[in-house]
Protein chains: 2
Amino acid sequence: MAKLDFGPIADTTRRAEIVALLRRAILTGQLEPGQKLNELRISEQMRVSRAPLREAMRELVQEGILTSIPYAGTFVVDVAAKDIIDAYSLNKVLDEFAIELAWPQRDQRFFDELDRRHEAVKQATRAKDTTRQIETALQLHGLIHEWADNSVLLETWQRLTSRLQMYFALHQRARNEPVPAEDVHETYVALLKGADMRAAQRHAREHIDLDFEELLAYARGLEKRASKN
Amino acid sequence: MAKLDFGPIADTTRRAEIVALLRRAILTGQLEPGQKLNELRISEQMRVSRAPLREAMRELVQEGILTSIPYAGTFVVDVAAKDIIDAYSLNKVLDEFAIELAWPQRDQRFFDELDRRHEAVKQATRAKDTTRQIETALQLHGLIHEWADNSVLLETWQRLTSRLQMYFALHQRARNEPVPAEDVHETYVALLKGADMRAAQRHAREHIDLDFEELLAYARGLEKRASKN
DNA sequence: GACAAGCAGATTGTCGACAATCTAACAAGA
DNA sequence: TCTTGTTAGATTGTCGACAATCTGCTTGTC
């Protein structure tokens, strides 16, 4: 028998497609935090009945990017500065853990994939496609979690990533300026290829803190704006 | 104005009640891993239409205790030994992190609540109510996560806990013998009241490993049984 | 007997309509 | 003026029915 692993075939339910559409809209910031999702309106726009739409919404509520209040509506989650702090501090812990687990598992395929994803980030950066830049950067960082061979960790990280992506997208949208062109991931990739695990863990922590400060400043701005209303 | 903070009122949707019912059935092991959930049958038993039932199922799928295959059905998640290992190793990391965050926040209310939950475990143990014993023990361990003041961590821990509770319940059910009567939480509580944070973290790790071995043995049994089919 | 095509039953996915609930505006009374 | 009760409109929650898909069996063919 030929050695040929087929990937899973496409999801054929409307629900799955709706989930993908909504998630993308939220994570790219097209739907703003706090905004209400009107079921009737959205179902008409998508040419779909409310049943699969509602099921899709339940999934995203559990995913943590929507919140639901019975008989009141479903809303895009609000972003508070504290949320970003919390997400980031947990992310640090998970990253350290992932590096520890993935470290002995590194092989040629790992390094190849690392380069591939790194290249994808650089390409998105050159193309000035900020949305894609965020996506690819998170995928680059996700590699260690995929390689850690711990399904629960991976799942946890993916949930966390949803929010981080959303935070970054909002940030980018707000400050509407060109993205830094220099390659901030160079040392990260180099360290993951190296022999010093502690150094890699340390850098993951510090590199994160870099973007973090900007993001926090943005979040604090949000807070202020919210308190005025 | 009187200082009186009302808690949130009860969920009034059928969906929420269905979620609670199903979750309880799964976490206590009444619904076994791999078992298929027939929508029509369940909706008739609950005297409810399929719409809220399906929405409830979507939530539990995202919660990680159900899995769904389009047009095939929704099933209670299968438990593999690897899953338990993964969950436990991540749990260790989260516990250490939680202790670190919660440590400076400890106050009288914390200690009181600690004693209260500890007492609940002892009571369930005396009553030989194994299900409740598992619940209360997890609630005892959850306190540090609640006190850590990190919403993302808390949420993550709660998701993880769902599965741990399920694993323990299955384990208990399988070996159908009286639960150890001695109090394994005594030192844990004492350490959380003490002054040595590192010691508390260390104990959390080791105490976990205790039950862990038993649980793993059970899981390996499951694996074997599954491979025979 | 082996195998593919096709059919029947069961189950999941989706739809449109109805019921329950909330919100906001307005009226009535203190 | 402030509070309380009422009502209309909009929106969410739920229902029963229909469509799409899967599974297992039967049938026919070689």
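Side-chain atoms are counted along with the backbone in the values below, which use heavy atoms only and exclude waters and symmetry mates. Chain letters run A, B, ... following the sequence lines, proteins first, then strands; residues in each count from 1.
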Point to revise | Residue closer to the 5' end of DNA chain C, Ala72(A) versus Ser68(B) (nearest nucleotide) | key: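 Here Ser68(B) is the residue nearer the 5' end.
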
What do you reckon, is [atom1] of [X] surrounded by more than 12 foreign heavy atoms closer than 6.0 Å?
X: Gln35(B); atom1: CD; result: yes
X: Gln123(A); atom1: CD; result: no
X: Glu32(A); atom1: CD; result: no

What is the distance from [atom1] of [X] to [atom2] of [N], rounded to the nearest Å?
X: Arg15(B); N: dA20(C); atom1: CZ; atom2: C1'; value: 14 Å
X: Lys36(A); N: dT11(D); atom1: NZ; atom2: P; value: 7 Å
X: Tyr71(A); N: dT12(D); atom1: OH; atom2: P; value: 12 Å

Check your understanding: What is the bend of the helix from dG1(C)-dC30(D) to dA30(C)-dT1(D) when you compare the axis at one end with the axis at the other, using five pairs each and rounding to 10°?
Key ->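 Answer for the end axes of this duplex: 10°.
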
Check your understanding: Looking at dT14(D), dG13(C), dC22(C), which one has an atom nearest to any side-chain atom of Arg14(B)?
Key ->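 The listed nucleotide nearest to Arg14(B)'s side chain is dT14(D).
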
Point to revise | Straight-line distance of Leu94(A) CG to Ile99(A) CD1, nearest 0.5 Å | key: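 Atom-to-atom, Leu94(A):CG and Ile99(A):CD1 are 11.5 Å apart.
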
Exercise for review: Mind checking the NE2-NE2 spacing from His145(B) to His141(B)? Nearest 0.5 Å is all I need.
Suggested key: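 Going from NE2 on His145(B) over to NE2 on His141(B), the span is 9.0 Å.
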
**Study point:** Result of checking Gln172(B), Arg24(B), Gln165(B) against Thr131(B) for side chain to side chain contact (heavy atoms under 4.5 Å, CB included)
**Key:**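 Exactly one candidate clears the test, Arg24(B).
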
Review point. dG13(D) phosphate, OP1 or OP2: any side-chain N/O from Arg58(A) under 4.0 angstrom?
Key: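 Answer is yes, contact under 4.0 Å.
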
Exercise for review: Identify whether any heavy atom of Leu37(B) sits under 4.0 Å from a base atom; if not, whether one sits that close to sugar-phosphate; answer base, sugar-phosphate or nothing.
Suggested key: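 If one applies the 4.0 Å heavy-atom cut-off, Leu37(B) turns out to touch the sugar-phosphate alone, with no base involved.
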
Practice item. Could you list by number each residue of residues 39-56 of chain B showing a heavy-atom separation from DNA chain C of less than 4.0 Å, or answer none if no residue does? Key: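 Within this stretch, Glu39(B), Arg50(B), Arg54(B) sit under 4.0 Å of the strand.
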
Check your understanding: With no hydrogens and no angle check, do the side chains of Gln108(B) and Asp112(B) hold a donor and an acceptor under 3.5 Å apart?
Key ->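 Checked: Gln108(B)/Asp112(B) side chains pair up, N/O donor to acceptor below 3.5 Å.
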
Point to revise | Basic-acidic side-chain contact under 4.0 Å: Glu63(A), Arg23(A) | key: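 Here Glu63(A) pairs with Arg23(A) in a salt bridge, since their nearest N and O are under 4.0 Å apart.
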
